[in-house]
Number of protein chains: 2
Amino acid sequence: MARARLQARPQADTVREPAVGSRSVAILDAAEKVFAKSGFAGASMREIAETAGVAQALIHYHFDNKEKLFEAMIARRSGEINDVRATQLDRLLAAGRARLEDVVEALFRPTIEVGHSLARGGDGFSRILVSAANSVDERDARLTETYYDPIARKFIDAFCLIEPGLSRKEAVWAYMFSIGVGMTMMARTGRSARLSDGLCDDTDIDEMLREIVIYVCGGIRAMLTANPNRD
Amino acid sequence: MARARLQARPQADTVREPAVGSRSVAILDAAEKVFAKSGFAGASMREIAETAGVAQALIHYHFDNKEKLFEAMIARRSGEINDVRATQLDRLLAAGRARLEDVVEALFRPTIEVGHSLARGGDGFSRILVSAANSVDERDARLTETYYDPIARKFIDAFCLIEPGLSRKEAVWAYMFSIGVGMTMMARTGRSARLSDGLCDDTDIDEMLREIVIYVCGGIRAMLTANPNRD
DNA sequence: GTCTATAGTTCGATAGAC
DNA sequence: GTCTATCGAACTATAGAC
């Protein structure tokens, strides 16, 4: 019977790569690619094994089954990403008088930078996040709750702190809507280029992020003036 | 060999329900439910047949294969929805001096009203749209291009017309971001309620739409002032 | 840890009766 | 148009050698 214990999130003072066989990492990388391309149901353990260059049985040895492999893959990257996000947010708030623009930047940039550069294969993890975040599937909901709700609450708190006129309720709506905007950036379907005859390039991260920050901050501040919190 | 011809989009002066057997409609309704729950790959023809109360072979008789069934299901609802959206948009523009708020309302309301009420089973179609819109899968991209790009261009044109300071490029970004916000509403994952301890209810369409219109218009106008078009 | 081989299930699609 | 029955392929997972 396989171990399939979930890797603990690496702490700041821990070695970069956990002490597991390199095959194990190759499997996670392959899983990221294949799940990103085909979704959970559409991906097959066979293709993941072939992509990783290992026998199919080895995946079961390391991760037990498809569900647990999927969760291990989420756990690995979300740990990296959300540690960076939390650190950046804390630094902004500790410095006092943080601008909303900086908080929104801290909300999005780590996700695309890790999702884009760390996964050597490209932006696979971002795509998996997009599909999980929009899914009503019980597994996706549980993973979102486990790996993303805690950091979401931190950012909602930050919204309320920076814009005291925002009620808690509107801060949560603002957060949900903003994450929705971020999806556009992470999904990278190429549709923006199609609709704009090439003017908008969703592979240009910096350009897109600049536009997104403007749009998202404008949206949040509009909620503020439309219905200011009177407490 | 089965027919599997795609149903033509009903014109305004055409009878409501096409002259196909009621079983055929039952199959499309069932497909909507099952595809919404499990996605394309996760759904099985067996479950769709059981949900529709017909033999599995009948689906192949009417729609040939799984791919074509999926497209027929998209074609049916997108026709209904986008006819309403185009009509409302044209009426707003013909009346002159349309408000951005009204255009954004015309962008979203028909989708949720049709997706929510017409599909007796609930909001299945909305969920399918969300997953298709965010997918890099070739099939999903082709369907989005075929059934949603034309109406998207109309709304982008409207953005440019109403806010002349908006460049074409920013209008496309604004459209993409706004659709992203709309996803929050259509996906209805229940996450907003979880993050707000029940304050935000994503089953309350009117409340959510009101907040979304405020946020989206604020976002679009922020792009305008941040980088006005000088033509 | 890693492999080959395969058991056991489920799937999409088809054949053919009515 | 609608059904029953079934084929052949693909899938997840396991057994067992090394």
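Convention: sequence-line order gives letters A, B, ...; per-chain numbering from 1. Note that the coordinates shown come from a computational prediction; the quantities given were computed from them, not determined experimentally.
- Of the candidates R23(A), M73(A), H62(A), L28(A) forms a side chain to side chain contact (heavy atoms under 4.5 Å, CB included) with just one, namely M73(A).
- Close to dG1(D), at under 4.0 Å from its OP1 or OP2, lies a side-chain N or O of Y61(B).
- Taking only side-chain atoms of H62(B), from C-beta outward, the nucleotide of dT2(C), dT2(D), dA13(C) with the closest atom is dT2(D).
- With dT2(D), dT4(C), dT2(C) as the candidates, the nucleotide lying closest to the side chain of A55(A) is dT4(C).
- Of the possible donor and acceptor atoms, one in the side chain of T144(A) sits under 3.5 Å from a partner among the backbone N and O of D140(A).
- Relative to the side chain of Q56(B), the nucleotides dT2(D), dG12(C), dA13(D) differ in distance, and dG12(C) lies closest.
- A salt bridge does not link K33(B) to D29(B): none of the charged nitrogens lies less than 4.0 Å from a carboxylate oxygen.
- A sub-4.0 Å separation between OP1 or OP2 of dA13(C) and a side-chain N or O of H60(B) is present.
- Relative to the side chain of K66(A), the nucleotides dA13(D), dG1(C), dA13(C) differ in distance, and dA13(D) lies closest.
- Picking from dC3(D), dC3(C), dA13(C) the nucleotide with the shortest atom distance to the side chain of V54(A) gives dC3(C).
- Enclosure of atom NZ in K66(A) by more than 12 non-hydrogen atoms of other residues, nucleotides or ligands within 6.0 angstrom is indicated.
- Of the charged side-chain nitrogens involved, at least one lies within less than 4.0 Å of a carboxylate oxygen, so that E207(A) and R210(A) count as a salt-bridged pair.
- The aromatic rings of F70(A) and F35(A) sit perpendicular, their planes meeting at an angle over 60°, well past the 30° parallel limit.
- Counting to the nearest Å, the P atom of dC11(D) and the CD atom of E67(A) are 17 Å from each other.
- The terminal axes of the helix from dG1(C)-dC18(D) to dC18(C)-dG1(D), fitted over 5 pairs per end, subtend an angle of 0° to the nearest 10°.
- A heavy atom closer than 4.0 Å to some atom of DNA chain C occurs in A43(B), S44(B), M45(B), R46(B), these being the qualifying members of residues 42-50 of chain B.
- Using a 4.0 Å cut-off between charged nitrogen and carboxylate oxygen, D157(B) and R168(B) count as a salt-bridge pair.
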